[in-house]
Protein chains: 2
Amino acid sequence: MKRAKQKIFQDYIAKQGLKSTRQRDIILDAFLSSDRHLSIEELYLKLRAKHPNIGYATVYRTLKLFADSGIAREIQFGDGQTRYEHVTEGEHHDHLVCTECGAIIEFENESIEKLQDEVAVAHGFLIKHHKLELYGLCAKCRP
Amino acid sequence: MKRAKQKIFQDYIAKQGLKSTRQRDIILDAFLSSDRHLSIEELYLKLRAKHPNIGYATVYRTLKLFADSGIAREIQFGDGQTRYEHVTEGEHHDHLVCTECGAIIEFENESIEKLQDEVAVAHGFLIKHHKLELYGLCAKCRP
DNA sequence: ATGCTATTGATATTCACTTTCAGCAGACAG
DNA sequence: CTGTCTGCTGAAAGTGAATATCAATAGCAT
Ligand SMILES: [Mn+2]
Ligand SMILES: [Mn+2]
Ligand SMILES: [Zn+2]
Ligand SMILES: [Zn+2]
């Protein structure tokens with residue numbers, strides 16, 4: 001899983017004529033070792049402990065590269081921070097977001113996806129991507 | 001329709017001990033006369049033609065008031081601008097967003113809403129609100 | 001009309017990116 | 001291995017939208 005994504009990124013780097021660097025390796029490892037939906041700031045701070053010399057701008061640019069290479073995706077939950085999540089080829093999921101504790105739960109629902117396609121067809125619309133987020137209280141936070 | 005929302009806003013103003021002002025009336029009228037999904041900037045510029053003395057900050061604050069009163073809702077389509085749309089009591093809709101021309105199409109789908117509730121129940125989650133947006137090309141923009 | 005507050009509009013500030021640029025470091029030819 | 005070319009890095013500056021500040025103004029109850 002982690003190896004596969006490292007491979008995808010290395011291949012992307014090579015194909016684009018970019019360079020493999022110490023920083024990119026470190027940031028990739030930190031990103032893949034986290035299963036959360038991290039903001040740039042969060043990943044930057046997490047890295048600072050062991051690698052105080054890596055700059056915020058490098059984390060920022062490297063996460064963009066991850067998205068370009070296909071191993072990550074930008075996502076916004078409306079809290080003013082852009083987050084990056086893992087992307088696995090052929091998989092898709094949407095999110096439940098707890099407005100109390102910030103927990104993010106992933107789910108897949110093929111029926112909803114189908115109905116979305118039907119809505120699009122009914123409007124002559126061609127879907128490229130979509131965003132489905134259910135906000136509320138998770139099992140731990142509900143009264 | 002327009003009258004009903006004006007009433008809701010006046011009542012809200014009264015109940016909160018706020019004041020009825022010339023600016024709020026003008027901005028309310030401009031907002032209700034537009035059926036689009038306007039950003040603060042857009043509404044501000046639209047107003048400037050007839051009311052050059054109304055400030056951006058007032059438009060910003062007044063739109064927040066509209067949202068507080070229940071006649072408007074903040075919405076983000078990921079273009080970096082917060083937009084405000086009309087809210088009608090007891091109604092709900094989601095959006096198709098054309099990434100080419102910016103067109104926004106509204107739709108309602110009770111089956112999708114039901115499935116969302118089922119997903120929430122399955123995870124012990126209590127939904128407060130949700131966000132469903134289908135991004136792609138509208139009928140006019142698709143190849 | 002008076003006085004108390006809320007409101008306004010210009011401006012300053014904040015926040016999260018995003019860009020800039022001089023020095024640095026991979027990659028590769030020789 | 002060494003030089004050179006070119007992309008990369010990190011600190012700092014810049015950007016743009018949202019939000020806060022504050023002195024002057026304007027509702028509104030008395
Ligand atoms: Mn996810
Ligand atoms: Mn709408
Ligand atoms: Zn929670
Ligand atoms: Zn279109």
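Computed from heavy atoms alone, side chains included, the values below leave out hydrogens, waters and symmetry copies. Chain identifiers are assigned alphabetically (A, B, ...) following the order of the sequence lines, protein sequences preceding nucleic acid strands; residue numbering begins at 1 within each chain.
Among the atoms of the strands shown, only primed sugar atoms or phosphate atoms (P, OP1, OP2) are found under 4.0 Å from some heavy atom of R24(B). Using a 4.0 Å heavy-atom cutoff across all strands shown, Q81(B) reaches sugar-phosphate atoms only and no base atom. At the heavy-atom level, S20(A) lies under 4.0 Å from the strands shown only through sugar-phosphate atoms.
Ranked by how close their nearest DNA chain D nucleotide is to the 5' end, R83(B) and L65(A) are led by L65(A). Remark on DNA chain C: of its neighbouring residues T62(B) and T82(A), the 5'-side contact belongs to T62(B), judged by nearest-heavy-atom nucleotide.
At whole-Å resolution of the value, CG in L47(B) and C1' in dG9(C) are 14 Å apart. Whole-Å rounding puts the R22(A) CZ to dC24(C) C1' distance at 12 Å. Between the CD1 atom of I40(A) and the C1' atom of dT18(C) there is a distance of 10 Å, rounded to whole Å. The CD atom of Q76(B) sits 15 Å away from the C1' atom of dC17(C) (whole-angstrom rounding). Atom-to-atom, CD1 of I26(B) to P of dG27(D) comes out at 11 Å; the value is rounded to the nearest Å. Distance OH (Y60(A)) to P (dA12(D)): 19 Å, rounded to an integer number of Å. What separates CG of D25(B) from C1' of dT8(C) is a distance of 14 Å, to the nearest Å. Between the CG atom of L18(B) and the P atom of dC4(C) there is a distance of 21 Å, given to the nearest Å.
Taking only side-chain nitrogens and oxygens, K64(B) comes nearer than 4.0 Å to OP1 or OP2 of dT19(D). Regarding contacts with the backbone of dT9(D), a side-chain N or O of T21(A) is found under 4.0 angstrom from either OP1 or OP2. Applying the 4.0 Å criterion to OP1 and OP2 of dA18(D), one finds that Y56(B) has a side-chain N or O inside that range. One finds no side-chain N or O of Q23(A) lying less than 4.0 angstrom from the OP1 or OP2 phosphate oxygen of dA25(C). In this structure, T58(B) reaches the dG9(C) phosphate: one of its side-chain N or O atoms is under 4.0 Å from OP1 or OP2. Contact annotation: S39(A) does not reach the phosphate of dA16(C) (side-chain N/O to OP1 or OP2, under 4.0 Å).
Below 30°, between 30° and 60°, or above 60°: for H95(B) and F77(B) the angle between ring planes is above 60°, a perpendicular geometry. Ring orientation note: the planes of H92(A) and H130(A) are nearly perpendicular, at an angle over 60° on the 30°/60° scale.
For dG9(C), its base sits under 3.5 Å from the side chain of R61(B) at one donor and acceptor pair at least.
If you take CD1 on I112(A) and CD on E113(B), they are separated by 9.5 Å, rounding to the nearest 0.5 Å. Atoms CG and NE2, on N109(B) and H93(B) in that order, are 14.0 Å from each other to the nearest 0.5 Å.
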Assess the residue pair E106(B) and H37(B) against the criterion (side chain to side chain donor-acceptor pair (under 3.5 Å)); give the C-alpha distance rounded to whole Å, side-chain angles, the decisive distance to 0.1 Å, and a yes or no. CA-CA 11 Å; E106(B) 303 183 337; H37(B) 299 73; 2.8 Å; yes
